[in-house]
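Below is one structure; the comments refer to it alone.
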Amino acid sequence: MSAPDAPQILGVPIEQLRGRLARDGIEPYRADQIAAWLYARGVWEFERMSDLSSELRARLARSWRSRALELASVERSGDGTVKGLLRATDGARVEAVLIPEDDRTTLCLSTQVGCPLRCSFCATGSLGFTRNLSSAEIVDQVCRMRSLLEGGRSLTNVVFMGMGEPLLNLKAVLDAIRILMHPKGFGFAGRRITVSSVGVVPKFGELLEQARVNLAVSLHATTDALRDELVPINRRFPLAVLFDTLRGLEVVTPRWPVFFEYTLIGGVNDGPEDAARLVRLLRRLPSKLNLIPMNPHPGSPYRAPAPAQVERFLARVSGRGFPVTLRRSRGADIAAACGQLVAGGAQGRRERRAGVGSR
Ligand code: SF4
């Protein structure tokens with residue numbers, strides 16, 4: 001049994017783990033065996049790692065912890081979406097969401113407890129910020145949520161779009177991505193991983209230099225006046241700076257376009273002028289556009305767009321030189337849809353009824 005203050009083995013990149021084991025006099029290749037148990041097979045108890053000697057298993061169990069989160073509750077939506085509420089050892093709570101669709105299953109991960117950026121349409125932002133998640137806590141969301149898959153499904157995609165702004169916790173996110181992509185870890189291709197940011201512009205280059213994954217930018221507005229209101233970090237990094245930076249990234253190519261997320265908010269950003277400005281912005285670099293009709297909630301000043309307005313907006317931005325998708329809302333009945341994560345289970349639902357925002 002490890003001491004409560006023993007270091008976490010989860011979330012340590014495998015190359016680093018080799019070095020740390022070597023310093024303890026353990027053969028470095030044992031790191032690959034341990035990682036295969038933890039990530040590929042989902043076995044976290046050292047005593048079950050049967051290709052390690054009993055002496056080594058006992059030593060590892062004394063020296064390391066291998067769990068970071070407990071699954072506090074699980075809610076399953078009528079459309080197959082699964083939301084997990086996960087509790088850390090200090091009591092902090094975050095949510096992760098599994099989204100099964102046809103032949104793919106996407107896991108949406110959280111990176112912070114709460115969020116400091118306070119986007120005005122976001123439930124998480126209304127909670128304020130508690131702390132960053134560790135790489136162990138990010139990786140353990142994958143282990144825990146994967147165990148909830150049913151019907152022979154396996155995880156195909158991972159998106160960092162849950163609670164928090166990933167680029168404000170970049171070191172832990174990069175360590176987690178290294179494990180997600182490592183052949184002895186989860187073995188995901190970089191194209192299957194998407195990191196979503198509202199615009200922490202100085203970190204874009206660092207992310208894409210360190211990890212060849214998809215970058216998604218939550219845009220939501222085409223003028224600085226509106227974006228300042230919806231996404232306050234725009235006051236520090238306005239649209240011109242955002243797009244100049246993206247255009248300057250050599251790694252952004254037609255094969256690796258930037259994904260833009262645009263939440264359609266009824267009467268706010270869903271008009272013909274918005275669509276025309278959006279087309280002008282996105283045509284200037286390799287882009288993909290994902291339209292997301294707003295998921296409304298009690299207490300929010302914003303409302304969902306009318307279905308006909310969504311269709312008109314879609315028609316105005318389609319066929320303009322970049323692919324466009326319209327995201328169907330998933331998991332809205334369990335508050336797992338985009339922008340609804342508040343990590344509270346019953347408490348969260350009470351907060352929402354009392355008007356504590358939504359994304
Ligand atoms: S939208 Fe993202 S960055 Fe903005 S407050 Fe919500 S979690 Fe934070």
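Worth saying up front: this structure is predicted, and the values here are computed from it rather than measured. Read the numbers this way: they start at 1 and go in the same order the structure lists the ligands and their atoms.
- In this structure, CD in Q16 is found 11.5 Å from CG in L21, a value given to the nearest 0.5 Å.
- Q112 and N132 are linked by a side-chain donor-acceptor pair at a separation below 3.5 angstrom, with hydrogens and angles left out of the test.
- Put simply, C122 stays out of reach of atom 4 (Fe) of ligand 1, with no N, O or S atom under 2.8 Å from it.
- Take Q210 and apply the side-chain hydrogen bond (donor to acceptor under 3.5 Å, both in side chains) test, not counting sequence neighbours, and it matches R178.
- Inspection of the T156 and R104 side chains reveals no N or O donor paired with an N or O acceptor under 3.5 Å.
- Within the 2.8 Å limit, C115 places at least one N, O or S atom next to atom 8 (Fe) of ligand 1.
- For ligand 1, the atoms lying closer than 4.0 Å to a non-hydrogen atom of R118 are 5 (S).
- Taking every heavy atom of G164 and a limit of under 4.0 angstrom, the matching atoms of ligand 1 come to 7 (S).
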